[in-house]
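Here is how names work: the chains are called A, B, and so on, in the same order as the sequence lines, proteins then strands, and each is numbered from 1. Computed from a prediction, not measured in an experiment: that's the story for all the values here.
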2 protein chains.
Amino acid sequence: MNEYADIFKALGDVTRLRILNLLLQAGKKLCVCEIVDALHLPQYRVSKSLALLKNSKLVTVAREGTWVYYGLNPELPPFFKAIFSLMKKHFQDVFSDDAGKIHSRLALRENGKCVIGFKCNEKK
Amino acid sequence: MNEYADIFKALGDVTRLRILNLLLQAGKKLCVCEIVDALHLPQYRVSKSLALLKNSKLVTVAREGTWVYYGLNPELPPFFKAIFSLMKKHFQDVFSDDAGKIHSRLALRENGKCVIGFKCNEKK
DNA sequence: TGCCTATATGCTCTTTTTTGCATATAATAT
DNA sequence: ATATTATATGCAAAAAAGAGCATATAGGCA
């Protein structure tokens, strides 16, 4: 199909937008349980959204032991890098709760690493 | 759902992206037959894409007699205006044929108005 | 080895989107 | 009216996306 359409399609979903926003606002790689906890969404849903974002090359993955960290792909074409910086700026207000939650969650890290699982089992 | 996700979804389709690109590169309102001609797509497909873009508030419509002109919505929120200017810049290369075609088509206008229908009946 | 925790994925059901065709509407001219 | 041209839209089939649940995999540790 078309590279640009595909990426816009990947952006056309609230869960995925919220995940990307977390990564943007946190400014660092996040592990899956941190995202699950911040978004209050079922784990399988977060994992599936992350899988799609990874297929679209928007995020990259790095496993560290049991934990898996996702980060924004630093090798994105300039066009989408520009869109990401727009999102970073504008989404602060749109998903403001999420940003707060991820920051409290990040405060629980030890030596910069996630050491707890997710406490949130809410089905939304 | 979510305003941003909805608009990204509207951008997640090649036909719609190509239409928006025409509007961006032309810098003026275009009538449906001009778009059909430039994109070499069936008329119903262009009309349906335009209808969706209109529902997403990305474009506006103005009928002038038999002809209907579509233009970029000047009242978009700043976030999407910014995305549009990114698209205008970057899509010049991506859909370069389209831009050439719409310019030759626009050369056929008289007094700034479209005076011919579409000559292209191609099914792709 | 076996168990626990973190994460991924297969499967099914449901909902949305896309595609194509045929037809409807709208405006103009005869 | 009727015909013609421009545009929109209803409908049905096909394809794709989303939601939920259950289960699989993978790594760490007893």
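Summarising the hydrophobic clusters (Ile, Leu, Val, Met, Phe, Trp, Tyr; side-chain heavy atoms under 4.5 Å, direct or chained), the residues clustered with A:Leu52 are none.
Whole-Å rounding puts the B:Leu52 CG to C:dT18 P distance at 7 Å. The CG atom of B:Leu30 sits 16 Å away from the P atom of D:dA6 (whole-angstrom rounding). The nearest whole Å value for the distance from the OH atom in B:Tyr69 to the C1' atom in C:dA26 is 16 Å. Taking atom CD1 of A:Ile116 as the reference point, atom C1' of C:dT7 lies 16 Å away to the nearest angstrom. Across the protein-nucleic acid pair, B:Arg45 atom CZ and D:dA6 atom C1' stand 20 Å apart, rounded to whole Å. Taking atom NZ of residue A:Lys9 and atom P of nucleotide C:dT18, one finds them 7 Å apart after rounding to whole Å. Between the NZ atom of B:Lys113 and the P atom of C:dT28 there is a distance of 14 Å, rounded to whole Å. For the pair A:Tyr44 OH and C:dA6 P, the interatomic distance rounds to 18 Å; values are reported in whole Å.
Evaluation of the side chain to side chain donor-acceptor pair (under 3.5 Å) test over residues 69-88 of chain A, restricted to residues two or more places apart or in two chains, returns none.
When side chains are defined from C-beta on, A:Lys28 counts as touching A:Arg109, because their heavy atoms get closer than 4.5 Å. For the pair A:Pro77 and A:Glu3, the minimum side-chain heavy-atom distance is below 4.5 Å.
Residues meeting the ring-ring contact (aromatic ring centres under 6.0 Å, His included) test with B:Phe84, sequence neighbours left out: none. Judged as a ring-ring contact (aromatic ring centres under 6.0 Å, His included), and not counting sequence neighbours, B:His103 has no contacts.
Using a 4.0 Å cutoff on non-hydrogen atoms, no part of residues 16-27 of chain B comes near DNA chain D. Using a 4.0 Å cut-off on heavy atoms, the residues of residues 57-67 of chain A that approach DNA chain C are A:Thr66, A:Trp67, listed by number.
By the 30° and 60° cut-offs, the orientation of the rings of A:Tyr4 relative to B:Phe91 is perpendicular.
Nearer to the 5' terminus of DNA chain D, by closest-nucleotide assignment, is the contact made by B:Lys48 (compared with the other of B:Lys48 and A:Gly12).
Taking the side chain of A:Val68 as heavy atoms from C-beta on, and the options C:dA8, D:dA8, C:dC21, the nearest nucleotide is C:dA8. Comparing C:dT19, C:dG20, D:dT7 against the side chain of B:Asp13 picks out C:dT19 as the nearest. Side chain of A:Val32, nearest nucleotide from C:dT7, D:dA8, C:dC11: C:dT7.
With hydrogens and angles left out, the side-chain atoms of B:Ser47 and B:Gln43 include a donor and acceptor closer than 3.5 Å.
Put simply, the side chain of B:Gln43 and the base of D:dA6 share no donor and acceptor less than 3.5 Å apart.
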Next item on the list: Using the side chain to side chain contact (heavy atoms under 4.5 Å, CB included) rule, take B:Arg105 and B:Cys33 through it: C-alpha gap first, then chi angles, then the decisive distance, then the call.
Entry: CA-CA 10 Å; B:Arg105 187 53 156 76; B:Cys33 61; 3.8 Å; yes

